[in-house]
Amino acid sequence: MRTPFLLSGLFFKMRGLLLLALMGQLLMTSGCTRGGLNSPRTYKPGQFVFAFDLTEIIELSITKNDPETGDRWSAELAHVPSKTKYEDPTWEILSRSQEGKFLDNQADANLVNHLLDTLKTLQFSSQATLGPLTSFGLDPPRFALRWRTPNHSFELRMGDAVQGSESVFYGQISSESGLIQATPIVLKGSAQKLLGYISNFSKIRRLTLSMLTSDDVDEFLLKRQGKIMLFAQRDGDLWTDKKHRTIRKIEVGKLLDQLTHIRIKDFVDESNLAREIGEAIQKSPAFEAVLTPRKGEAKVIRLSWFKPKQSKESKLWMTDSGRNSAVFEAYPEIIHFFEVPEKQ
């Protein structure tokens with residue numbers, strides 16, 4: 001009789017169809033589509049779209065593509081943990097898309113941390129209407145950000161603002177599987193406004209010269225043409241001289257705060273030019289500030305007027321021993337920080 005064989009064949013066919021259906025269901029639930037994109041995930045209005053611990057972020061990449069200004073660049077940044085409990089963690093720029101090297105790789109850690117904080121607070125507002133990605137400013141995106149922890153990665157693609165709003169914009173985000181979701185959504189948060197501040201690559205670089213804060217410094221001295229103009233040390237709540245006499249003619253705390261907040265006017269990224277200027281400053285500094293922290297080595301800030309060989313004018317340049325061999329153009333106004341009376 002052939003009936004058992006017929007039933008057996010039917011069983012295997014049914015089982016094969018069942019397996020195919022199950023595989024199809026798994027593909028649908030995983031949300032995978034062609035091109036590394038995911039089908040939309042369901043969010044509730046006001047729901048945060050990212051969940052991560054700021055202290056665990058180890059890398060961040062930023063890509064900008066502004067069709068209006070033509071500003072196009074990308075940068076890779078890495079988080080550098082504190083070497084001691086007396087130092088703050090920093091962010092360093094590993095690479096950038098623009099041609100040429102950069103001698104100083106310090107990023108603006110406050111800006112980077114603030115940016116990551118705004119990404120964490122991004123909220124889902126609504127699904128975007130149907131349309132091509134170009135209609136939302138997402139092909140290519142105005143900004144593309146990727147960041148990761150040791151165990152997870154995240155991505156955000158930012159498009160146009162919704163009706164000119166600074167806090168509501170179109171975007172695409174990575175899903176739990178790490179793939180970007182195909183369908184644009186409307187997001188709400190201050191990330192777009194903050195990124196609008198980054199008008200060019202230099203904005204993410206550390207524009208404050210000193211790596212120390214005022215609270216880090218226990219003593220400091222100022223020199224002009226090699227001559228010591230001021231020595232100040234913490235003595236309890238007071239600032240005193242070497243003989244522990246209270247300094248009264250100078251607001252030492254205010255002066256120190258000005259020194260640790262000296263702003264960089266421009267970066268010297270051409271290595272030969274930086275070497276020429278750096279050697280001139282080292283040989284004959286016009287002004288020096290030696291800042292000694294509670295722990296660690298003293299950091300020396302040097303300034304000098306100098307006219308490079310290929311330059312038409314003399315400018316004020318500066319270096320900081322805490323920023324390796326980098327050289328920076330300084331604002332002439334900071335000279336006033338070093339003009340103190342000889343007798344305090």
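Nothing here was measured: the structure is a model prediction, and the numbers come from that model. Atom set for the values below is all heavy atoms of this structure, side chains included, hydrogens, waters and symmetry mates excluded.
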Residues D215, R294: salt bridge by 4.0 Å N-O rule: no

Whether W73 and F201 hold their rings parallel, tilted or perpendicular, with breakpoints at 30° and 60°: perpendicular

Donor + acceptor pair across side chains of W91, N113 (<3.5 Å): yes

Test applied, side chain to side chain contact (heavy atoms under 4.5 Å, CB included); reference residue, F169; option that passes from V186, L187, I185: L187

F220 and W239 aromatic centres sub-6.0 Å: yes

Test item: Q106 and R205 side chains (from C-beta on) under 4.5 Å apart, heavy atoms: no

Side chains of I62 and L115 in contact at under 4.5 Å (non-hydrogen atoms): yes

Same apolar cluster (I L V M F W Y, side chains within < 4.5 Å links), L94/L60: no

Name of the residue among L145, I57, L111 meeting side chain to side chain contact (heavy atoms under 4.5 Å, CB included) with L116: I57

F154 reachable from L195 in the ILVMFWY side-chain graph, under 4.5 Å edges: yes

Residues R157, E155: salt bridge by 4.0 Å N-O rule: yes

Beyond-backbone contact of K223 with K227, side-chain heavy atoms, under 4.5 angstrom: no

Within 6.0 Å of NZ in K307, more than 12 heavy atoms from elsewhere: yes

Crowding at CD, E339 (>12 non-hydrogen neighbours, <6.0 Å): yes

Side-chain donor/acceptor of S167 to backbone N/O of G189, under 3.5 Å: no

Polar side-chain atom of T69 near backbone of D71 as donor-acceptor pair, under 3.5 Å: yes

Cluster overlap I335 with W317, hydrophobic side-chain contacts below 4.5 Å: no

Distance under 6.0 Å and angle within 45° of ring axis: K242 vs F231: yes

Exam field: side chain T208 to backbone S210, donor-acceptor pair closer than 3.5 Å: no

Flag, side chain of Q47 to backbone of K44, donor-acceptor distance under 3.5 Å: yes

R142 with D160: basic N within carboxylate O range, under 4.0 Å: yes

ILVMFWY cluster, M318 and F338 together (side-chain gap under 4.5 Å): yes

Closest contact, heavy atoms only, V217 versus R234: O-NE, 2.6 Å

Distance-only side-chain donor-acceptor flag, D257 / S214, under 3.5 Å: yes

NZ (K299) with more than 12 external heavy atoms under 6.0 Å: yes

Any donor-acceptor N/O pair, D66 side chain to G70 backbone, under 3.5 Å: no

D53 (side chain) donor-acceptor with T55 (main chain) under 3.5 angstrom: yes

Test item: Q123 side-chain N/O and V49 main-chain N/O as donor-acceptor pair under 3.5 Å: no

Backbone of V80 reached by a side-chain donor or acceptor of E92 within 3.5 Å: no

Aromatic ring proximity F267/F328, centre distance under 6.0 Å: yes

Shared hydrophobic cluster, L156 / F143 (ILVMFWY, side-chain heavy atoms < 4.5 Å): yes

Side chain E251, main chain K254, donor-acceptor under 3.5 Å: no

Under 3.5 Å donor-acceptor, E59 side chain and R148 backbone: no

Side-chain H-bond candidate by donor/acceptor type, N151 with T149, under 3.5 Å: no

